[in-house]
Amino acid sequence: MGQILKSIGEVSIQGVSLAKSGRDILNRISFNVTHGRVGLIGRNGSGKSTLARVVCGLIKPDQGCVLIDGIDVFKDRHQALEKVGILFQNPDHQIIFPTVIEEICFGLTQQGQSKDTARQMAQAALEKFGQAGWAERSISTLSQGQRHLVCLISVLAMQPAVIVMDEPFTGLDRPTTGKLTQILREMQQTVLHISHDLEALQDADRVIWIEQGKLQMDGAPNVVLPAYMAAMDVVGGQDAFADITD
Amino acid sequence: MLSLTSPIKTGFHSVPVGPKFASLMIASIVLFINNTLTFQALAFGFVLGLYLWPGTAFFSVGLKMLWPLWPFVLIVFLWHLFTQDTVAGVVIVLRMFSAVAVANLVTMTSRMDDLIGLVTWAATPLRRVGLKPRILAVSIALFIRFLPVLIEKGAFLVESWRSRSTKRASWRVVVPMALLALDDAETVAEALRARGGVDLVDD
């Protein structure tokens, strides 16, 4: 992909706790990610998505903080925009503008680029992904997989040092998932990849397992993934629908 | 205000919806007849008593639900301070609290389908202009079900905005939200149709 990065982001999650309506969602989570692609796994309701939003600076933790290259991502939003980007699950809940080029330009103008520069950068980003002709396309004419790609390009165009992905390939067919995962592998940014698709995380650099808002396990994929699968099979045999804190 | 039904069971829960609403109507009228401070204070005390009767847990939930009225209280008090008529201000505020509290009490202790049933029954005269009560009933239920869903989708779009901008989300997120609502409406219509739709049963 040959991007010139401003920096490779170092994420430092320091003692993050967060409760909502009396329930603990995150419980003194601390870990550092300095490079590579790190998988984040856990049951539904374990706190992964909330953690993703805290790492991105969208939610303020009750305690603790997240620093990316020394920047507190919640307190310093301007700097945070340069440091971290997030890709959400559903493109339809994410794409705000009606055409592809507008959607990609949005983040760039918010970062301070002029309209013309933003447009040029957006067009360059499309070309890098081999979709130069998409600029004026209406989002509604794109397939789900194509919309996922637009979201990815919109985030990458801002050149963040860290990218958080919250189950970004949900509902996509195998070839599209394969293609997008290929793009992921070639990215040089630090990537925090939340996924239920354990197969996609086999070749991650590291996998972190979050359980009930706490750090359960942190290590190589070939260690954490089997342990997680074994534990989940046990849970599935009991009652998968019980509230997590029961 | 959408789903106020209280999980704390009270004696009020077993009173049928019709009499409850009739009492609510009478109570509202009575509250507006008398303008004296004594009467309004007594009325409010009575309403508080109604909330205290099922227990302190219910009472504190009821009080919490009056909190959203604070802007009105502020405005009314400021105005009456200005016109130097604080007694009238207190009367208005007490009446407002009593009326809202009594209405909340009815909603909190009535099941959703009973409420919908009541509204549908009250709408029977509209049959003459072609409105089937069942359609009204399903519409109310759909509205209550999907308004929080739409609000959540709006929140996602705002998140998407905030992850790429330090400025507050502008009106521009309303457009995709409206489109999502239309898409959802189509999907829900399909789901309804798959289960018989709204006009198969004629009641």
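We use all heavy atoms of the structure for the numbers below, so side chains are in, but hydrogens, waters and symmetry mates are not. Chain naming here is simple, since letters A, B, ... match the order of the sequence lines and numbering starts at 1 in each.
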- Message: Using the rule given for side-chain contact (heavy atoms from CB on, under 4.5 Å), can you reason through S154(A) versus R164(B), listing the C-alpha separation, both sets of side-chain angles and the distance that settles it, and then say yes or no?
- Response: CA-CA 9 Å; S154(A) 303; R164(B) 288 178 283 165; 3.9 Å; yes

- May I ask you to list the residues in residues 34-53 of chain B that approach chain A closer than 4.5 angstrom, counting heavy atoms only, ordered by number? none

- Query: What closest approach, in Å, do S160(B) and F88(A) show between heavy atoms, and which atom pair accounts for it?
  - Reply: CA-CE1, 3.8 Å

Crowding at [atom1], [X] (>12 non-hydrogen neighbours, <6.0 Å):
X: H196(A); atom1: NE2; answer: yes
X: R119(A); atom1: CZ; answer: no
X: H80(B); atom1: NE2; answer: yes

- Item | Value rounded to 0.5 Å, distance of CD in Q111(A) from OG1 in T166(B) | 10.0 Å

- Message: Distance check, rounded to the nearest 0.5 Å: M158(A) atom CE versus S163(B) atom OG?
- Response: 7.0 Å

- Any idea which of K167(B), M177(B), K153(B), E159(B) has the most non-hydrogen atom pairs under 4.5 angstrom with chain A? E159(B)

- Message: At under 4.5 Å between heavy atoms, what parts of residues 89-102 of chain A are in contact with chain B? List them by residue number.
- Response: D92(A), H93(A), Q94(A), I95(A), I96(A), F97(A), P98(A), E102(A)

- Item | Heavy-atom side-chain proximity of R53(A) to R162(B) below 4.5 angstrom | no

- Item | Segment of L81(A) engaging chain B (4.5 angstrom heavy-atom cut-off) | side chain

- Item | Portion of L180(B) that has a non-hydrogen atom of chain A nearer than 4.5 angstrom | side chain

